[in-house]
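Values below: every heavy atom of this structure, side chains too, minus hydrogens, waters and symmetry copies. Just so you know, these numbers come straight off a predicted model, no measurement behind them.
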Amino acid sequence: MPFVSDIYKSAPATFRTPLQAKTYQTLRTLDIPFERVDTGEAITMEDCIVINDRLKTNIVKTLFLCNPQQSVFYLFVTAGDKPFRSRDFSAALDVTRVSFAPVELMEPMLGTKIGAATVFSALFDVGNAVRIVFDRDVLLREWYGCSDGTTTGYMKVKTDRITDDFLSYAGHKPTVIEV
């Protein structure tokens, strides 16, 4: 289990990635309150169990997907404990079967490395090359738990502040599906 710090309500003193810096700058600009923790490297959903306990929320699972031609990309946000089935995702969107996008595209397209995919990557996707898709179950929760763009920083934010304020600011209109 990774180390998990006390809870903070302010940005880290130093930033590990450009996305992390932009994430906290945007939260400040939009006056969106958050609670966050610093952690040891947490990449899997199993790593997030102690983070969930500390933040008293559930970290979402954020998957970077694409079509077989790697010409259409998706950032799919679902419950951390929900299994992902490509067939169900594709059927819900009425699209060709999808698979995980190549790891080497994460940094240039999302500003993150494997294990740190986050909705905050929308800040780097100014051309809307990545379609953001939410599992409806995630939107029914009061709190949205996610990475801050690193594998060592996690936070919780009111879900409606993500969907109503943040994504609008980032120029993304999310698609909502039931899987």
Side-chain angles (χ1 to χ4, degrees), residues 17 19-20 22-23 26-27 30 32 34 42-45 47-48 51-52 57-151 153-179:
T17 68
L19 177 57
Q20 185 187 41
K22 194 161 180 96
T23 294
T26 301
L27 293 173
L30 297 175
I32 297 177
F34 60 86
I43 296 174
T44 67
M45 294 313 300
D47 293 338
C48 291
I51 300 167
N52 291 343
T57 195
N58 290 302
I59 302 299
V60 297
K61 183 185 320 181
T62 306
L63 306 173
F64 185 39
L65 308 168
C66 66
N67 67 351
Q69 298 78 21
Q70 297 180 15
S71 60
V72 180
F73 296 89
Y74 306 91
L75 196 62
F76 178 46
V77 181
T78 188
D81 60 354
K82 197 177 229 184
F84 172 69
R85 292 183 183 87
S86 174
R87 169 189 49 226
D88 296 341
F89 177 87
S90 298
L93 284 177
D94 194 26
V95 298
T96 317
R97 192 112 182 210
V98 299
S99 61
F100 291 99
V103 172
E104 59 270 11
L105 292 179
M106 288 193 74
E107 184 69 34
M109 293 186 76
L110 303 180
T112 63
K113 65 179 191 172
I114 193 163
T118 178
V119 71
F120 295 117
S121 290
L123 293 166
F124 279 26
D125 184 33
V126 294
N128 284 344
V130 180
R131 182 174 177 187
I132 297 178
V133 181
F134 280 92
D135 181 337
R136 183 174 307 283
D137 289 346
V138 170
L139 301 181
L140 298 175
R141 298 177 179 174
E142 178 181 10
W143 294 101
Y144 184 87
C146 66
S147 161
D148 66 0
T150 69
T151 57
Y154 291 83
M155 66 170 61
K156 80 174 185 180
V157 180
K158 291 275 190 172
T159 301
D160 62 351
R161 297 301 305 267
I162 293 292
T163 57
D164 299 346
D165 301 328
F166 169 73
L167 285 172
S168 177
Y169 176 84
H172 281 267
K173 182 175 168 110
T175 301
V176 179
I177 62 173
E178 291 187 49
V179 290

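- Under the rule for a side chain to side chain contact (heavy atoms under 4.5 Å, CB included), the partners of Gln70 that lie at least two apart in sequence or sit in another chain are Cys66, Phe73, Pro102, Leu105.
- Annotation: side chain of Thr17 is not in contact with side chain of Thr112 (no heavy-atom distance under 4.5 Å).
- Here the closest heavy-atom approach between residue Thr23 and residue Asp148 is recorded as OG1-O, 3.7 Å.
- Residues passing the side-chain hydrogen bond (donor to acceptor under 3.5 Å, both in side chains) test with Thr175, sequence neighbours excluded: Arg131.
- Minimum interatomic distance between Met155 and Ile59 (heavy atoms only, all atoms of both residues): O-CD1, 4.3 Å.
- The shortest non-hydrogen separation linking Gly115 to Ile43 is CA-CG2, 3.7 Å.
- Counting heavy atoms of neighbouring residues, nucleotides and ligands inside a 6.0 Å radius, atom CD1 of Ile114 does not exceed 12 of them.
- Contact between Thr150 and Ser147 at its shortest, heavy atoms only, is O-OG, 2.6 Å.
- In this structure, the separation between CD1 on Ile162 and NZ on Lys156 is 13.5 Å, given to the nearest 0.5 Å.
- Residues that satisfy the ring pair (Phe, Tyr, Trp, His ring centres under 6.0 Å) test with Tyr74, not counting sequence neighbours, are Phe89.
- When every heavy atom of Ile132 is checked against every heavy atom of Ala122, the shortest pair comes out as CD1-CB, 3.6 Å.
- Panel note: side chain Arg161, backbone Leu30; a donor-acceptor pair is recorded below 3.5 Å.
- Remark: Ser168 pairs with no residue by the side-chain hydrogen bond (donor to acceptor under 3.5 Å, both in side chains) rule, at least two apart or across chains.
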Between Asn58 and Asp81, is the side chain to side chain contact (heavy atoms under 4.5 Å, CB included) condition met? List the steps. CA-CA 9 Å; Asn58 290 302; Asp81 60 354; over 6 Å; no

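- Residues that satisfy the side chain to side chain contact (heavy atoms under 4.5 Å, CB included) test with Ser90, not counting sequence neighbours, are Ser86, Val95, Arg97, Val98.
- Leu167 and Pro174 make their closest contact through CD1-CG, 3.8 Å (heavy atoms, listed as atom of the first residue, atom of the second, distance).
- In this structure, the side chains of Tyr144 and Lys158 stay at 4.5 Å or more apart for every pair of heavy atoms.
- Evaluation of the side chain to side chain contact (heavy atoms under 4.5 Å, CB included) rule for Leu139 yields Phe134, Thr159, Thr163, Val176 as partners, not counting sequence neighbours.
- Interatomic distance, CD1 of Ile177 versus CG of Asp94, reported as 11.5 Å (0.5 Å rounding).
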Residue pair Leu123, Tyr169: steps toward the side chain to side chain contact (heavy atoms under 4.5 Å, CB included) verdict: CA-CA 9 Å; Leu123 293 166; Tyr169 176 84; 4.2 Å; yes

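- Applying the salt bridge (Lys or Arg N to Asp or Glu O under 4.0 Å) rule to Asp137 yields the partners Lys82; only residues at least two apart in sequence or on another chain are considered.
- The stretch residues 99-111 participates, sequence neighbours left out, in no salt bridge (charged side-chain N to carboxylate O under 4.0 Å, His left out) pair at all.
- Applying the side-chain hydrogen bond (donor to acceptor under 3.5 Å, both in side chains) criterion to Ser71, with sequence neighbours excluded, gives Asn67.
- Applying the side-chain hydrogen bond (donor to acceptor under 3.5 Å, both in side chains) test to pairs two or more places apart or on separate chains, those with a residue in residues 113-130 are Glu41-Lys113, Asp125-His172, Asn128-His172.
- Within the 3.5 Å criterion, the main-chain N or O of Cys48 finds no donor-acceptor partner in the side chain of Tyr154.
- Take Glu178 and apply the side-chain hydrogen bond (donor to acceptor under 3.5 Å, both in side chains) test, not counting sequence neighbours, and it matches Arg136.
- The side-chain heavy atoms of Val119 and Thr62, taken from C-beta on, include no pair separated by under 4.5 Å.
- Among residue pairs with one or both ends in residues 95-124, those qualifying as ring-ring contact (aromatic ring centres under 6.0 Å, His included) are Phe84-Phe100, Phe120-Phe166; sequence neighbours excluded.
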